[in-house]
Every structure is written in C-alpha cells, then in structure tokens.
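See structure below.
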Amino acid sequence: MISLTPCHTLYTEWNIFYNIKTKKTIFTTIMSKASENYVRVTTRTLSEMKAHGEKIAMLTAYDFTMAGIVDKAGIDVILVGDSASNVMAGHETTLPITLDHMIYHATSVVRGVNRALVVVDLPFGTYQADSKEALRSAIRIMKESGAHALKLEGGSQIKESIERILQAGIPVMGHLGLTPQSIYKFGTYSVRAKEKAEAEQLLSEAQMLEKAGCFSIVLEKIPAKLAEKVSKTVNIPIIGIGAGVHVDGQVLVLNDMLGMNKEFSPRFLRRYLNLDNEISKAIKNYTADVKNQDFPNNQEQY
Ligand code: KIV
C-alpha cells in the first residue's frame, strides 16, 4: 500500500492510498471539522466554521498556566479580556485596567497557547480619543504580546479607530450590546436592546462592523431573538454571552464558568465546576496537615 500526501479541499482532508496488489485507490476522509483541520485556529478558520455551522467555543484567560490548560482542552478562541480588571485585580469595573496591564496578561497567555486564536481587549481610554492613539495602542499589544487579534467595544463612535487598526493589518473583533466599558453610561448591567430603536441600531452597527472588515462580533446580554437575527444577517461569526443559542459561538469568563466566584450569578452563566469549594477544601486540608505535622511525611523530605 502506498500512502500519498493528504490533499486538502476547502473543508475536508483526504488520505489517498494505492494498493499495489489490487491496483485500487482508496480515499479515506480523515477530518471533517474546520476547527480540527488547522494546526492553529485563525480568523479564517472561524469564518469557515460559521459557513459550515460548526459552533465556536471561546473562553477568557489571563495567565500562562490557565491559558495552557484551556488551549490543550481544545478551545477555539482565548480572549484576554479586560474582565481581568475584575477577576484578576478585584476592581468593580473594567475601566481601571491599563494598556501595560493588558500587555502583561496577553504576553503570559500567548506563551501558554499553541493552537487557539488569542484575542486581546483594547482597554478603556486607549482607543476612544482618536484613531491614531487607537492604532498606537493596537500596535503595542500586537508587537509586545504576540497576540493574534484585538477586540474593541462599540460601533459607529469608534468606526475610524477600527478602520485605522484594520488598515494596519490587525484583525478586529467587535463588541456590541452590554459593553462593560460603558457601564456608567448605561447605569445598570441589565439586558440591552430590548426596545425596538436600540435593537434596530444594534443590527445596523453589526452590519457596519462587518462592512468595515471586522472578522467577528461579540454580542453581550441582548435578547436571544435579536442575536439570532444579527447572526443570520451578517456573514461574520457572532459570539454570544447572554445572547442565546442561535449565534455562531459562545464566550464565558473562565473564572465564572469554573465556579471561582459565588457572588456573580447572572442567568446566562453556567458553572461547570465548583472550584471555589474545591480550592477551599484543599487549603483547609493542607493547613490542618501542617498544624498536625502530617505534612511533610518521610517520603516528602530529603
Ligand atoms: O472582558 C471580557 O471578558 C469580555 C467578555 C465578557 C466577552 O469582553
């Protein structure tokens, strides 16, 4: 049997075997999912996933160790979110985190990742003033961290910044709906775009982001029906958080889905672990072992 080089179609990879005795050629499909077809997930992978109806799984990460675990588990996209301001630094909002802080987190994450696409949030105050400052901030993140793409919150107000960053060859993910950097404008973390006018505006902002050249959009905390409509209207992948199931992918904050934070319990959050309790149990056991001189034992010393 002679094995020929795998040949690539747009979506499916074939192994071709030629059996010398029977003189027959055998074709076998070895992969069928776009996300498995690539060594690295790219913005192009995501668009192929949408085209083939394969959902995109995205999670946040902020450090090397967790990013490595998340990446090896097979996530498609890792977001170095400015939610680091809340979950890493303990701030009430995402506003205080700086560009230097984001670069520190992004650099640590990139070192731990081999497969996933790494997207980094441009933090509040680094892209709203003017598009030249936005580009300078974007270039700093890309150059210093080695990340693959950036995410910016907002629509038409920051169109010029988005366009300038895109012109520099940097892929941009949009973010509409409940954009946490505007929390003081909203005054509440409740669901956005429930009214017709805001829903229509959100849809047209999504179309504008697609036209500008964004490769994907996050929709946060909006009615599921509206998110579905946006996802069907635009061709770029829509990633939801609190936006229902009829979008092209989902994102959650890693620490929240691992159950490390009991206080934060929005309806959209599914906890896959109760890590808060598990960590607490382990630390109580360790403390007791130290106090009782059960740790270290004979095998745990030199
Ligand atoms: O910063 C973040 O974690 C985010 C996600 C909630 C989408 O922007």
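Throughout, numbering of the chain's residues begins at 1 and tracks the sequence. For clarity, every value in this text was computed on a predicted model and none was experimentally measured. Both counts, for ligands and for their atoms, begin at 1 and track the order of listing.
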- Message: Below a 4.0 angstrom heavy-atom separation, can you tell me which part of T60, side chain or backbone, both or neither, approaches ligand 1?
- Response: side chain
- Between S83, A61, G81, which one has a non-hydrogen atom sitting closest to atom 3 (O) of ligand 1? S83
- Query: Please walk me through it: do T42 and F215 pass side-chain contact (heavy atoms from CB on, under 4.5 Å)?
  - Reply: CA-CA 10 Å; T42 66; F215 71 92; over 6 Å; no
- Is it the side chain (CB and beyond), the backbone, both or neither of D121 that lies under 4.0 Å from ligand 1, heavy atoms counted? side chain
- Task: Can you sort out which atoms of ligand 1 are near V253, meaning under 4.0 Å from one of its heavy atoms?
- Result: 3 (O)
- Result for side-chain hydrogen bond (donor to acceptor under 3.5 Å, both in side chains) between D121 and one of H175, K151, H105 points to K151
- Task: Around atom 7 (C) of ligand 1, find the nearest protein heavy atom and jot down its residue, atom name and distance.
- Result: L79 CD2, 3.8 Å
- Report the distance from atom CG of L258 to atom CE of M260, rounding to the nearest 0.5 Å. 6.5 Å
- Query: For H175, is the nearest heavy atom under 4.0 Å from an atom of ligand 1?
  - Reply: yes
- Would you tell me whether H101 and T98 have side-chain atoms, one donor and one acceptor, within less than 3.5 Å of each other? yes
- Task: Taking all heavy atoms of L135 and all of I165, pick out the closest pair and write down the distance.
- Result: CD1-CA, 4.0 Å
- Query: Got a sec: does the OH of Y104 have more than 12 other heavy atoms crowding it under 6.0 Å?
  - Reply: no
- Message: Taking 4.0 angstrom as the limit and counting only heavy atoms of I241, give me the atoms of ligand 1 inside it, by number and element.
- Response: 6 (C)
- Would you call K151 a ligand 1 contact, heavy-atom distance under 4.0 Å? yes
- Mind listing the closest non-hydrogen atom pair of G240 and V247 along with its distance? N-CG2, 3.9 Å
- Nitrogen or oxygen atoms of D82 and ligand 1 under 3.5 Å apart: yes
